[in-house]
There are 2 protein chains.
Amino acid sequence: MKFEAVTIKDIAKALGLSTSTVSRALRDSYEISPETKKLVLEYAEKINYHPNPIALSLKERRSRSIGIIVCEIANSYFSQVINGIESIAQNNGYNVIISQSHESAERELLNLQYLTSRSMDGLIISVSTETRDFSYFRELHDRGMPIVFFDRIVDEIETHKVIADNFKGAYDATTHLVKCGYKRIATLCNTTTLSIGKERLAGYIAALKDNGITPDESLIQYCQHGGLLAAEMDEAMNSLFRLRKVPDAIFASADKLTTGCLRALKSRGLSVPDDIGLIGFSNSELTELLEPSLSVIKQPAFEMGEVATSLLLELIEARHPVTNFQTKVLPTEMFIRQSTQTKKIRTKPVIS
Amino acid sequence: MKFEAVTIKDIAKALGLSTSTVSRALRDSYEISPETKKLVLEYAEKINYHPNPIALSLKERRSRSIGIIVCEIANSYFSQVINGIESIAQNNGYNVIISQSHESAERELLNLQYLTSRSMDGLIISVSTETRDFSYFRELHDRGMPIVFFDRIVDEIETHKVIADNFKGAYDATTHLVKCGYKRIATLCNTTTLSIGKERLAGYIAALKDNGITPDESLIQYCQHGGLLAAEMDEAMNSLFRLRKVPDAIFASADKLTTGCLRALKSRGLSVPDDIGLIGFSNSELTELLEPSLSVIKQPAFEMGEVATSLLLELIEARHPVTNFQTKVLPTEMFIRQSTQTKKIRTKPVIS
DNA sequence: TATTTTTACGCAATCGTTCCCGGCAACGAT
DNA sequence: ATCGTTGCCGGGAACGATTGCGTAAAAATA
């Protein structure tokens, strides 16, 4: 089944002109007489002509499209970022192609190859948890492909980056738990191969230290797939509750980890916030409707998408190679709700 | 900033062959000697050659890509459908381009034009609430573009369609509310210009009638934007609670309406399920963690994406124009949780 | 040895568009 | 009358890949 579109040739033939003349008339070239222009424009309008972007891409080696790679669009944070990206892209006449890695390095590479082969003018990327080898990103970047990383950034590659203030977000959350009287504060975090994993863990540790608490390695649980797999979540929670001294609060450092953690705590029959406090990074709009309503650290997702896109467009439209790259850090916001507001007075750690 | 890729010409020049020979060697043509093939393949591998899909699209007028238009990827239902689409598409060597209408007919049209001009081989579409004019869809379809509608389908256009059993889902939900003892059951629904709006409303009405309850027009509230706008949600809820006889249960017929309704009820200080019962369509994974946990009708979203894609691929790969179109109806599933399980015995309608 | 067949490759058109050249009128200046 | 300008437009190459057709050399046949 084919689908035939109107081309510049059809116009040329119908009007007894050459394709060059039609092309120029459509682009409003000074070389074409007003009458001819009028003729062409009106006829083009009439037969509903639209230039073929594929032919243009081939000719111009650009597509006025930008590619996005995220792990999951089902994640509220990422869908909000994408909306931010779209808003800026559209205002500037760019289209957006979305692809998902599902936290698989292999799929990420395939998406990357697809997007570049489709002549994307630039890429906005948040890397997958699995990715260890950044050579393909580097190669692309070295060969001049404009790339902006956001959220999960790649330190080794020098380009524009956009992140939330992960350290401060984690620091604030942890400090808040301490202030609420929790004593044994555990954390669920991404692998530290991920920038967000590293930074949020650092914030957690710093907050503990600043409050005179010695970080305990056994209270730090890493989730390779960021909570995407139920199994690793169970595994992490089991490890925490097998401890002689179980935690009395948890700081979860990513969207899926936060809600996954609540689910796990509930299924263990634990009462949040009285048996255990919970706070975490989350951009879900439902957290305030949860039982209990969740205290969360929220990232300025939409804004991050906007900023990333503005930076990318700067790169794309730069006349000279850009060497002066920047990393924009946007503030997080803390929402305090029930999940950390225990009335129980905690003097000693709870012993299981 | 440009990004140069390896072309077939580079290989031809380097090996002292013509581009035709290289092309044929790469496609393993019988016309090329084994030695030459080996030479070409090895060199292509070495310099990491990948055929330019844009050039191919231009030549072949197909792109091995399928386009998706949904209203919001942030909606769990749609992101699950997209995952289903991706899984089948990838297995068949197709790529997927996602675009969002944000419930705007204008954006939907722009996306449609973009996707077709990008030589999509086929489209999978769930129309926006705003869309009244289907002429563009029809034109595209008449001109041979393979299209599969899902969820919000267009009755007037004859092509493959995939839907959940909306009537039965709504019927079951409403019947469940009746069985739980609720007497004045209201509904929050999409506009009936939308197929899902129509079918779910019909299911609600049929269930009431079958249980000896006369449907009350004032208990039916329509949301033009499917709950995307907070204002229309407020408006609908105000209308319901301004009634002399306020409802004692609500059936919400879409994802955003369901969670939005819960939010509205809570902000009014009403207790669910005791002051008012709530059940609704939702595919969010968080509904069971909400306060109260929500009774929901769940659609087989992933599967719907799979089925829609299989049907689309059939259309795309058909040798002759297809005229025998089908509408697949997949069953919904009901999950009964706290939001409908009141202990209060209801004999008379609650009077405000 | 002469002729036919096969093998293995190149040429050129094509997809839709842009853009560098070049051409041909008409006109004013010399 | 001739020359240079200007205005307006067409021819054709290019972007990267495929493919029908043509053809030289080698192989097979008469």
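Computed from a prediction, not measured in an experiment: that's the story for all the values here. Chain A is the first sequence line, chain B the second, and so forth, proteins listed ahead of strands; every chain is numbered from 1.
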(request) Quickly, which of A:Ile97, A:Ile316, A:Ile66 forms a side chain to side chain contact (heavy atoms under 4.5 Å, CB included) with A:Met120? Name it, please. (result) A:Ile97
(message) Keeping B:Lys328 on the side-chain end and B:His160 on the backbone end, is there a donor-acceptor pair under 3.5 Å?
(response) no
(message) Between A:Arg61 and D:dG16, is there a contact of a side-chain N or O with OP1 or OP2 at under 4.0 Å?
(response) yes
(request) Determine, step by step, whether A:Phe137 and A:Leu112 satisfy the side chain to side chain contact (heavy atoms under 4.5 Å, CB included) criterion, reporting the C-alpha distance in whole Å, the side-chain angles of both residues, the deciding distance to 0.1 Å, and the verdict. (result) CA-CA 8 Å; A:Phe137 291 105; A:Leu112 210 50; 3.8 Å; yes
(request) With DNA chain C as reference, determine whether A:Leu56 or B:Val22 sits nearer its 5' end, using the nearest nucleotide of each. (result) B:Val22
(request) Enumerate the residues from residues 10-20 of chain B whose closest heavy atom to DNA chain D is under 4.0 Å, giving them by residue number; use none for an empty result. (result) B:Ser20
(request) Whole angstrom is fine here: how far is it from CD1 in A:Ile54 over to P in C:dT18? (result) 15 Å
(message) What does the B/S/- profile of nucleotides 23-28 of chain D look like, 5' to 3', with a 4.0 Å heavy-atom cutoff to protein?
(response) ------
(message) Without decimals, in angstroms, what is the distance between A:Leu58 CG and C:dC19 P?
(response) 14 Å
(message) If the cut-off is 4.0 Å, is B:Lys59 near the phosphate of C:dG16, judged by side-chain N/O to OP1 or OP2?
(response) no
(message) When you measure from the side chain of B:Arg118 to the backbone of B:Ser63, do you find a donor-acceptor pair of N or O atoms at a distance under 3.5 Å?
(response) no
(request) Begin from the C-alpha positions of B:Glu106 and B:Leu109 and carry the test side chain to side chain contact (heavy atoms under 4.5 Å, CB included) through to its verdict. (result) CA-CA 5 Å; B:Glu106 189 193 340; B:Leu109 184 59; 5.9 Å; no
(message) Output the rounded distance in Å from CZ (A:Arg27) to P (C:dT17).
(response) 10 Å
(message) Between A:Ser195 and A:Ile153 (side chain of the first, backbone of the second, donor and acceptor by atom type, cut-off under 3.5 Å), is there such a pair?
(response) yes
(message) Assuming nearest nucleotide by heavy-atom distance, tell me which of A:Ala55 and B:Leu26 is located more 5' along DNA chain D.
(response) A:Ala55
(message) For the backbone of B:Val70 and the side chain of B:Arg152, can you confirm whether one donor and one acceptor N or O come within less than 3.5 Å of each other?
(response) no
(message) Distance check needed: C:dT17 P versus A:Glu60 CD, whole Å only.
(response) 12 Å
(request) Would you kindly check whether a donor in the side chain of B:Arg24 faces an acceptor in the base of C:dG10, or vice versa, at under 3.5 angstrom? (result) yes
(request) Check A:Ile32, A:Leu15, A:Ile11, A:Val22 against A:Leu39 for a side chain to side chain contact (heavy atoms under 4.5 Å, CB included) and give me the one that passes. (result) A:Leu15
(request) Apply side chain to side chain contact (heavy atoms under 4.5 Å, CB included) to B:Tyr136 and B:Gln113, showing your working. (result) CA-CA 9 Å; B:Tyr136 200 81; B:Gln113 290 172 337; 3.2 Å; yes
(request) Determine the interplanar angle of the B:Phe150 and B:Tyr77 rings, folded into 0 to 90°, and report it as parallel if under 30°, tilted if 30 to 60°, perpendicular if over 60°. (result) tilted
(message) So A:Thr7, base contact, sugar-phosphate only, or nothing? Heavy-atom distance under 4.0 Å.
(response) sugar-phosphate
(request) For A:His50 and C:dT17, give me the distance from atom NE2 to atom P, rounded to whole Å. (result) 12 Å
(request) Mind listing the residues from residues 30-44 of chain B sitting with a heavy atom below 4.0 Å of DNA chain C? Number order is fine. (result) B:Glu31, B:Ile32, B:Ser33, B:Thr36
(request) Measure the distance from CG on B:Asn52 to P on D:dT18 and round it to the nearest whole Å. (result) 10 Å
(request) Whole angstrom is fine here: how far is it from CZ in B:Arg62 over to C1' in D:dA17? (result) 15 Å
(request) Indicate yes or no: at least one non-hydrogen side-chain atom of A:Tyr114 is less than 4.5 angstrom from one of B:Pro53. (result) no
(message) Keeping A:Gln100 on the side-chain end and A:Ile73 on the backbone end, is there a donor-acceptor pair under 3.5 Å?
(response) yes
(message) What is the separation between atom OH on A:Tyr49 and atom P on C:dG16, rounded to the nearest whole Å?
(response) 10 Å
